[in-house]
**Q** 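Mind having a look at this structure? Questions to follow.
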Amino acid sequence: MNLASIPRHALPELLCRMPKAELHIHIEGSLEPELIFSLAERNRLQLPYPTIEALRAAYAFTDLQSFLDIYYAGASVLQTEEDFFDMAWAYLLRAKADNVVHAEIFFDPQTHTARGIPFVTIINGLDRAIQQARKELGISAALILCFLRHLTEDDAFTVLEEALPFRDKFIGIGLDSGEKGNPPEKFSKVFARCRELELRLVAHAGEEGTAEYIWHALDLLQAERIDHGVHCLDDPQLVTRLVQQQIPLTVCPLSNVKLCVFPTLAAHNIARLLACGIRATINSDDPAYFGGYLNQNYLETFVALPELGAAEAYRLARNSFEASFVDVEVKAGWISQLDAFFQQQHA
Ligand SMILES: [Zn+2]
């Protein structure tokens, strides 16, 4: 394919229409203010914000922690299985509109079990939305259970025990929440247990944390994929390893700017990550809070970084499939769909 012949003005439509996977989306981070208000009303809860506009105005974060404070407040409206279903269904509809064919979705059970919501309520609501999306929207999706790293490893073991009766409803384990002061090694025992259980393993590392956190996520947790990982470029030896082993990074450009990991999108290192040969992908992280779903992340990033063209669009979409946790045959099917899509563009 001669992707260089695709003109720059064709990029926005290409980015929106190309088939792609999303591998870094926290389902609680897809809760739009409108849905937060309607769930609060349905559950007769009082929110600390008088209006939808006031809640949206509070989304002016300065760092990861200031975001997490609002994120946990928003999640508190989720009470019933129906609420979890509604949240996941709303995301899956948005994903479909962005031509996402596969999503690996994070959920944070401890945010809810700590409020007395049973694990079964959470997982059944999310799973039902995924099953319905498969049938009605033709989207494939799977769940990854994340441990909150600001809590203890014992807490992680507790939620893992609660989750095991539902082992068929999630494919893997992740690690999220405040990175600073909560290094990967804090969770090495529980990740070892998850590995014995043959769960797929990912971890947030190198977002606010240093390149050392990425080394430790790889060596001490044996994470197969690194969420964010943008600080890897500080360490040439780490870059060599990521390239040699083709360890995927799930990069979230709009999130990184909103949380001040980079001052602007133009300063983002995604183009350099790709140029080094790192298997980087683009994702939305917490789209309701960070200013956009998946296509918006692609569109704004490509506008801000003129070195990104059709070849990089193809590479990013292909990486998203290569980095997903599905069977090789399924991956190959999506990649041929992607190839056919790009062939048509300059036919
Ligand atoms: Zn994240």
Side-chain angles (χ1 to χ4, degrees), residues 21-31 59 61-72 74-75 87-88 91 94-95 100 103-112 126 141-151 156 170-184 187 191 200-210 213-214 217 221 223-232 247-262 268-270 273 280-294 296-298 301 320 323-325:
E22 174 148 58
L23 307 175
H24 185 161
I25 155 79
H26 301 268
I27 200 63
E28 293 88 350
S30 73
L31 260 183
Y59 290 7
F61 320 112
T62 48
D63 60 6
L64 187 56
Q65 194 55 51
S66 63
F67 155 65
L68 289 170
D69 294 342
I70 288 190
Y71 174 81
Y72 294 125
M87 169 173 65
Y91 164 71
R94 281 301 283 107
V100 171
E104 293 179 6
I105 301 173
F106 295 140
F107 71 116
D108 286 342
Q110 289 159 295
T111 299
H112 315 297
L126 299 176
L143 292 170
I144 295 178
L145 185 164
C146 285
F147 298 135
L148 296 179
R149 71 200 303 158
H150 64 274
L151 302 178
F170 60 100
I171 59 163
I173 292 292
L175 185 63
D176 64 5
S177 183
E179 189 177 3
K180 280 185 182 162
N182 297 299
F187 295 90
F191 266 67
R200 306 306 297 259
L201 303 178
V202 301
H204 282 52
E207 176 190 15
E208 290 196 326
T210 61
Y213 275 38
I214 303 173
L221 305 184
E224 300 168 74
R225 208 159 68 196
I226 298 294
D227 297 311
H228 294 295
V230 289
H231 279 295
C232 69
I247 296 160
L249 301 187
T250 64
V251 179
C252 306
L254 291 181
S255 160
N256 288 159
V257 173
K258 203 84 174 173
L259 297 182
C260 310
V261 176
F262 294 96
H268 201 286
N269 66 9
I270 181 85
L273 294 171
T281 61
I282 283 188
N283 305 271
S284 69
D285 205 4
D286 297 284
Y289 294 92
F290 296 151
Y293 287 80
L294 189 51
Q296 197 63 31
N297 272 271
Y298 273 100
T301 304
S320 75
S324 70
F325 291 142

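For the numbers below, each heavy atom of this structure counts, side chains included, while hydrogens, waters and symmetry mates do not. Each ligand, and each atom within it, is numbered from 1 in the order the structure gives.
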**Q** For residues His24 and Asp285, is any side-chain donor paired with an opposing acceptor at under 3.5 Å?
**A** yes

**Q** Work out how many protein N, O or S atoms lie closer to the Zn ion (ligand 1) than 2.8 Å.
**A** 4

**Q** With a 6.0 Å cut-off on the ring centroids, do Phe106 and His204 count as close?
**A** yes

**Q** Between Arg225 and Glu104, does any side-chain N to carboxylate O distance fall below 4.0 Å?
**A** yes

**Q** Give me the atom names and distance for the closest heavy-atom approach of Gly29 to Tyr289.
**A** O-CD1, 3.6 Å

**Q** Keeping Glu22 on the side-chain end and Asn283 on the backbone end, is there a donor-acceptor pair under 3.5 Å?
**A** no

**Q** Under 6.0 Å from the ring centre and within 45 degrees of the ring axis: does the NZ or CZ of Arg200 meet both conditions for the six-membered ring of Phe170?
**A** no

